[in-house]
Protein chains: 2
Amino acid sequence: MKLGNLNIKEPTTRNARITFDEIEKAALRLFYENGYHGTTINDITQAAGVAAGTFYLYFPSKKVLYQHLLFTLSKDIRREIATRVGAATTRYQKEREGIKAFIEYAERRPEIYNIIWESLYIDRKLFKEYYESFSARYVNGLKEARRQGEIRDLDLEVLSFVLMGITNFVALKVIMDLGEGDNDIERIVDVVMDLLSTGLFTKKAS
Amino acid sequence: MKLGNLNIKEPTTRNARITFDEIEKAALRLFYENGYHGTTINDITQAAGVAAGTFYLYFPSKKVLYQHLLFTLSKDIRREIATRVGAATTRYQKEREGIKAFIEYAERRPEIYNIIWESLYIDRKLFKEYYESFSARYVNGLKEARRQGEIRDLDLEVLSFVLMGITNFVALKVIMDLGEGDNDIERIVDVVMDLLSTGLFTKKAS
DNA sequence: CTACTATGTGAATAACCATTCAGTTTATGA
DNA sequence: TCATAAACTGAATGGTTATTCACATAGTAG
């Protein structure tokens with residue numbers, strides 16, 4: 001009936017389910033294309049093929065719809081990454097798969113990537129929660145790797161932000177096609193893993 | 001008289017200069033506190049202590065003010081980093097100083113950091129331009145280091161996004177006080193440099 | 001078939017807000 | 001001092017938009 005504590009009324013009948021899904025789908029696309037503030041309830045309902053009032057049968061406000069999308073999608077992206085990382089055995093492979101999974105997901109569904117970052121300008125608390133919980137999960141994985149002696153003894157919380165930063169910016173490069181080089185995912189992940197393996201500097205430099 | 005091609009009318013008298021500066025200052029603070037869309041022209045002029053109409057003596061629109069701030073501030077942050085990086089001799093030191101300069105700048109003036117990221121939701125073209133030009137400069141510096149044999153042979157464009165990602169996310173951690181560990185800049189930069197020096201994995205792992 | 005509930009409608013409401021403009025004040029320099 | 005331009009004012013305008021509501025329809029259980 002209710003989703004989380006957001007006061008969203010989930011539909012009970014088959015047709016209403018379709019309407020609900022259409023509203024979600026349209027909102028996701030439009031928030032991506034025109035941003036949260038650039039999207040009106042009328043835009044959303046029109047794209048979903050329903051009247052404006054229908055929106056309020058399911059969502060109490062525009063902001064709650066946004067939060068709902070943010071929660072749903074962050075769960076989705078985390079699940080996807082967790083599955084792929086879980087299938088790998090070494091930490092090296094886990095790191096590689098994690099980065100690849102994130103970039104591929106962001107490329108397939110750039111809306112999600114966008115919505116998460118935009119939270120900084122809609123509700124700072126949501127943004128903070130999202131990255132702190134992502135970091136905490138990352139740290140757990142890294143702790144296990146350190147127990148196994150697979151990674152060096154570095155501060156894991158800082159490390160998690162470093163790795164999230166790498167992944168996010170490299171994904172950004174891919175989905176917005178930034179820079180002049182080709183944005184082939186396999187090639188880019190190779191560069192990242194090379195850096196993580198051997199570091200940036202030559203022997204000569206140190 | 002005019003700033004860039006933005007059609008901003010710069011003031012000619014001393015008092016008008018003060019007014020102009022107050023508007024800029026108020027806007028910067030309010031865009032940071034409440035975001036671009038959460039800030040009205042009335043908020044800005046009120047905070048600056050002038051009437052609403054005064055705003056339009058100098059800026060043709062709210063969006064142009066935003067672009068003006070973005071341009072001015074990105075020049076400022078780049079200049080600051082360039083100065084500190086230029087003073088270092090080895091690439092290791094340049095990298096260290098660059099990361100530190102960025103984080104310290106972001107901590108001192110978090111508004112700037114915020115404004116740059118928000119461009120993604122105000123004008124995607126501006127965002128793209130900002131990061132592509134930042135990347136291009138970074139690549140130039142890295143090219144020189146590679147000529148000198150100071151860094152390994154990695155794709156420099158990808159590398160620039162990796163390094164920007166690290167710096168941005170670590171700065172984010174500091175200015176939003178994310179995570180549970182202390183956010184001492186010196187300590188964090190040490191972790192980053194350690195990773196860049198020796199890589200993430202132990203010998204055992206490879 | 002009937003009553004009931006869920007679903008849907010879209011025009012109306014009430015706020016909000018960027019921008020304009022007709023008029024006023026202030027500074028300047030001759 | 002006076003004329004002129006620059007700076008400033010703030011109420012009015014016009015457009016936008018989240019949300020509401022009185023009404024309509026469709027599905028369903030009895």
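Within every chain, numbering begins at 1; the chains are lettered A, B, ... in the order of the sequence lines, protein sequences first and strands thereafter. As the structure is a prediction and not an experimental result, all values here were calculated from the model.
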Problem set entry | Backbone N/O of Met193(A) and side chain of Ser197(A): donor-acceptor pair under 3.5 Å | yes
Problem set entry | Contact check, side chains of Asn114(B) and Arg124(A), non-hydrogen atoms, under 4.5 Å | yes
Problem set entry | Within 45° cone and under 6.0 Å: Lys62(B) NZ/CZ vs Tyr36(B) ring | yes
For this session: Check whether any side-chain N or O of Tyr56(B) sits under 4.0 Å from OP1 or OP2 of dT20(C), and answer yes or no.
Result: no
For this session: Can you tell me the distance, in whole Å, between the CZ atom of Arg17(B) and the C1' atom of dA27(C)?
Result: 18 Å
Exercise. Going by heavy atoms closer than 4.0 Å, what residues in residues 29-39 of chain A are next to DNA chain D?
Worked result: Thr39(A)
For this session: With a 4.0 angstrom cut-off to heavy atoms of chain B, pull out the first and last contacting nucleotide of DNA chain D, in 5'-to-3' order.
Result: dA6(D) to dG10(D)
For this session: State whether the side chain of Glu118(B) and the backbone N or O of Gly35(B) hold a donor-acceptor pair below 3.5 Å, judged by distance alone.
Result: no
Exercise. With a non-hydrogen cut-off below 4.0 angstrom, is Tyr58(B) in contact with a base, only sugar-phosphate, or nothing?
Worked result: sugar-phosphate
For this session: Start with the C-alpha distance between Val189(A) and Arg96(A), add both sets of side-chain angles, then the distance that settles side-chain contact (heavy atoms from CB on, under 4.5 Å), and finish with yes or no.
Result: CA-CA 7 Å; Val189(A) 174; Arg96(A) 191 172 213 290; 3.9 Å; yes
Exercise. Once you round it to whole Å, what is the distance between C1' of dC17(C) and CD1 of Ile41(B)?
Worked result: 9 Å
Problem set entry | Between C1' of dA6(C) and NZ of Lys9(A), the distance in whole Å | 9 Å
For this session: Figure out the CG/P separation between Leu65(B) and dA18(C), and round it to whole Å.
Result: 11 Å
Exercise. Can you find a heavy atom in the side chain of Ser135(B) that is under 4.5 Å from one in the side chain of Lys173(A)?
Worked result: no
Exercise. So does Thr40(B) get a side-chain nitrogen or oxygen closer than 4.0 Å to the phosphate oxygens (OP1/OP2) of dC17(C)?
Worked result: no
Problem set entry | Salt bridge flag under 4.0 Å for residues Arg91(A) and Glu95(A) | yes
Exercise. Please give, in whole Å, the distance from dC16(C) P to Lys62(B) NZ?
Worked result: 15 Å
Exercise. Aromatic ring centroids of Phe20(A) and Phe59(A) under 6.0 Å?
Worked result: yes
Exercise. Nearest nucleotide by nearest heavy atom, which residue falls closer to the 5' end of DNA chain C, Asn15(B) or Thr19(A)?
Worked result: Thr19(A)
Exercise. Short question: side chain of Tyr66(A), backbone of Ser119(A) - any donor-acceptor pair under 3.5 Å?
Worked result: yes
For this session: Kindly say if Thr13(A) contacts the phosphate of dT7(C), meaning a side-chain N or O under 4.0 Å from OP1 or OP2.
Result: yes
